[in-house]
Amino acid sequence: MDDVKHLRNLNDAQLAAVTFVPTTPLQILAGPGSGKTKTLICRIAHLISHHKIHPSRIVAVTFTNKAANELRNRLDGLIGKAEASSVVLGTFHAICARLLRQHGSEINLPRNFSICDADEVKKIINGILKDMVAAAGLHGSNKRIEVRDSVAVEYISKAKSKGLSPDDLETKAQRDIASKESLPKGEADPQFMLQVSSIYAEYMKVCKNNNALDFDDLLTYGVKLLQTKPSCIDYEHVFVDEFQDTNTTQLQLMKHFAARHGNVSIVGDPDQSIYGWRSAEIENLTRMIKLFPGTKQVFLEDNYRSTGAILAASLAIISEDTTRPPKTLRTSHPYGVTVTIGNCADEHEEAVCIAEEIKRLKLISGGLLKWSDFAILLRFNALSRNLETALQKMGIPNRILSGQKFFERVEVKDLLAYLQLIDNPNFDPAALRVLNVPKRNIGNKSVEELRKRASKTGKPVMHTVEKIVDGRIPDISPPLRSKAREFIQTMRDLRQKAIKGISVASLIRELLMQLDYAEHLKKTQPDWESRWENVRELITFATESSTAQVSSQSNSVQDDDSSSTDAADVTRATTTASLLKEDKQAGLVDGDLWEDTSPLPGEDSSLSDELESTNPLRVFLETTSLSTDVVANDEDAENEKVIISTCHAAKGLEWPVVFIPSVERGTYPFYRSEDTEEERRLLYVACTRAQVLLYLTHAARRKLGGDSKEAELSEFLTVVMKKNKNLFTSNKPILGHKEFSLLSKVLGRPAPEATAVQQGVQEYYKVQATSTAPAANTGGVLPQPAPNGYSQGQSTNRTFKFKNMSTEQTQHSQGAMPAVFTTARSVVGSLPPVQITPSNKVSKPIAAPSTQTLQTMWATTSTTVSRVNPTIGSGYTPGNASVASVSSHHQIRAGTAASARPSHAAVASSQPIQAPRGQFSFSSAASSLSQPSTSSSTSQTASSSEPPAKVAGTKRRLGMSARGPEFPRKK
DNA sequence: GTATTCACCATTTTT
DNA sequence: TGGTGAATAC
């Protein structure tokens, strides 16, 4: 009824996309921050309210669960929960899993299939490799198996992503061997691929026997299902988000989803294609046009996220990709604050600098910035260690996004394995995992013996164990009959309970009791307390997800022990468990629960009927295996934290302030990466997450793994800096009320009070000043005062010197432009000072200079595709005009820079070594490279108040405890 | 056969 | 840094 709500606040291009005729396939090609999710949601709303398409006949596919949730929430807000909830929404994997549960029987897939995670896949492959090696030895074959498990996993996954079967691989390998022509580079050795293909074939067999699918199988079986029985779905419109990240199989799926009506809308951006390593293919954009003739394109080129400075720098970086069809992005926001490239001595210093800068910005922003406004984006997770330590040490609350995944923690996995086994006794990886958990004196050797035996007979491991326990087949060499008896009894009992429909939470509790799992944790894990927390978290999750999924089935059993303390819980669980064991002996279910359950395709009925597809346990297991997200804990606590995330996981998100550490060769591009351009895009994605402030940092030395190596700035930046020095500065920006007011507009927030900013500034300098004194750690305004002498005795030089304080405070109070900077002796030479240039012109293109016209953008598709409404997003003419305005922009900036230069130079010459205040110690760090002796003396002055060694020790201890042995505990 | 210790290793991104 | 595998002790 509200026909226009979803059309409000859209720009021309967005509006065109939203209201574009639904029967024509549409590509919405959109740069970062251009509102593509908004456009997608509004288009869905428009289809429902204007075109009267029933929400249940719309499917929207996202790339991550997080994106799916966000889409769901925003859709709820726009069209109401009632309607939004019927839209079919999820990742390709989740949607396929759902379909396969419902209709899998069409392709002989039992409903209770398990989903293998990466670990389990690897274990299966490992088993296969062992068997193959053994077999090769048996036949006296001298063919060695030289394929490593991880490599096999990778190639099998790649094959599946392309929809290739083991036969396909073998055929190709044989052909390549026969042809004797040299292969195109990048192609794997055919002999090797031959081995892979046979491993692949065996793997498929094992999966079938295990009644298990891996992630890729979900997609390939989905395709198979839809080929076999297209009628099991009937979607009137198909949406795919992040289309540039789809692989071949996913494109096939999309085709099948849309088979009936041919109505597709996709959203994507080739510049943000960062999943090539996962077989994503940008070519799908052109393939789609072939699959869906008449496809039109709409371009969203207005960036609403970032300042001009951030956008200009990001575009300059991405424009170095020569293979990229040039395209533009413009912002209505002011130019803002120049992007900082910080140079540090090493990774410790880098972490501390970032932490300090976060603290400073929060403090001096007059309330504009919260902790949760900051993000640190990493190329890989291992980079987070120093940052975590530094943040912890400074009392900055932080959270790692997508680091250690909840469902991958050992204790959680143990329990999940039991649950999987209850649901699907054929699932060997789970069986092998828990046979000796808790310790039943069934050691690795026995487990391996069982695996071999089962593998030989083609029966599931559980089946074999059960028969041994029942005395129907001979025991293995170290007898395990008695040892496994209790295990089998437990499984039988729990399975009965599951069939009766006991809630998952109760099932887990029952399981814990019967296993006395708390006791097991206590014995085996030094940090059992925090692990027990995770167990409880799992119960909570089960409770929540069951109430969310099946609202009708209320859980009678509630988690009444959740209010008591850990220790009490554990004690009680332990006691109760032993009590329950007695119980169990009385009401023991004996019988052959697994006896006739060999639900291999063909005869799947007995089992699947017992546990029907809506069974809460199965729903729960599916959620846990498909959700790689960290379980959302109490959200209030999460909200106020600095986020540490990988660049990949950060896609689609935005933060006011973004730090990107380790922008060095070897990290960007990552040294093992094959696709340099993808790495560049990754950096681009990371940069474009930032709204108002962006910091890229690099270190002169970095310790990766074992030893500390020299590092240098990423070529992605050096190339750009050579061309345009004005895009970056090496200094921390000095910000006052005027600047924060400007930035607040970009963020769409109220400007901070002038007095608040000033207070923050003063407080900041006060803290800085006191913290230079040795005994400053007395608390105060900051959670933890800046630890002096953090540099812990290494020759690395950290300067927390804030000279000329009064001068700078004056500047701040006046909102003056910063004028005091030294020249950073960074790799590329001197950089211009920071500047803040409010732009008075709106919608000025900040395109990287390009001589190509807009019409040739997305060149791969422009010939076959007509562009929707060429006037969309006009207001400037691309091509020459664009270039012209860019250069004039630069002229303006050059002028400003020039005017700031005198003082800049003056300071630089008067204080060549000591870093000015408000500055990263980059410049001094850099100078330490060229003048080691001088700088080390500086460092001594800076930290002479504390014995370096002691500080180092403190830090180490702090760091470790702060991290938590492995799993950070919730408090 | 299992537990413990020690040395060595390599170290991405995610459904 | 920690996770894994091999050698050693129990």
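Worth saying up front: this structure is predicted, and the values here are computed from it rather than measured. Within every chain, numbering begins at 1; the chains are lettered A, B, ... in the order of the sequence lines, protein sequences first and strands thereafter.
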Just N and O in the side chain of A:Asn381: are any of them under 4.0 Å from OP1 or OP2 of B:dT13? yes
Which whole-number value in Å describes the distance from A:Leu480 CG to B:dG1 C1'? 13 Å
Would you indicate which nucleotide in B:dT14, C:dT1, B:dT12 comes nearest to any side-chain atom of A:Tyr275? B:dT14
Would you indicate, yes or no, if B:dT14 has its OP1 or OP2 atom less than 4.0 angstrom from a side-chain nitrogen or oxygen of A:Thr646? yes
By nearest-heavy-atom nucleotide on DNA chain B, the more 5' of A:Ala118 and A:Lys483 is A:Lys483
Of A:Ser446 and A:Phe670, the one whose closest nucleotide on DNA chain B sits nearer the 5' end is A:Ser446
What's the CG-C1' distance between A:Asp119 and C:dT4, to the nearest Å? 13 Å
Rounded distance in Å - CG (A:Asn441) to P (B:dG1): 12 Å
Once hydrogens and angles are ignored, does a donor-acceptor distance under 3.5 Å link the base of B:dT12 to the side chain of A:Arg672? no
Ring-face cation of A:Arg618 near A:Phe113 (centre distance under 6.0 Å, axis angle within 45°): no
In this structure, how many angstroms lie between the P atom of B:dT15 and the CD1 atom of A:Ile274, rounded? 11 Å
Any idea which of B:dA3, B:dT15, B:dT14 is nearest the A:Lys439 side chain? B:dA3
Applying side-chain contact (heavy atoms from CB on, under 4.5 Å), name anything that partners A:Thr688, two or more places apart in sequence or on another chain. A:Pro32, A:Ser314, A:Tyr684
Report the residues that fulfil side-chain hydrogen bond (donor to acceptor under 3.5 Å, both in side chains) with A:Thr37, sequence neighbours left out, ordered by chain and then residue number. none
Decide yes or no on side chain to side chain donor-acceptor pair (under 3.5 Å) for A:Ser662 and A:Glu350, but give the supporting numbers first. CA-CA 8 Å; A:Ser662 192; A:Glu350 180 183 53; 5.6 Å; no
For a quick check of understanding: with a heavy-atom distance under 4.0 Å over all strands, which category does A:Ile95 fall into, base, sugar-phosphate or nothing? nothing
At 4.0 Å (heavy atoms only), tell me whether A:Phe92 reaches a base, stays on the sugar-phosphate, or touches nothing. nothing
Quote, to the nearest angstrom, the P distance that separates C:dG5 from B:dT12. 16 Å
How long is the line joining CZ of A:Arg385 and C1' of B:dT11, in whole Å? 9 Å
Atom CG of A:Asn386 to atom P of B:dT11: distance rounded to whole Å? 20 Å
Just checking, is any N or O donor in the side chain of A:Arg72 or A:Asn69 under 3.5 Å from an acceptor N or O on the other one? no
Does A:Asp269 come within less than 4.0 Å of A:Lys36, counting only side-chain N to carboxylate O? no
Classify A:Asp216 by what it touches in the nucleic acid, base, sugar-phosphate, or nothing, heavy-atom distance under 4.0 Å. nothing
Aro-ring/base stack A:Phe380-B:dT12, d under 5.5 Å, angle under 30°: no
For A:Glu677 and B:dT13, what is the distance between atoms CD and P respectively, to the nearest whole Å? 21 Å
In whole Å, I'd like the distance from the CD atom of A:Glu622 to the C1' atom of B:dT15. 13 Å
Near-parallel close stack of A:Trp277 and B:dT13 base (under 5.5 Å, under 30°): yes
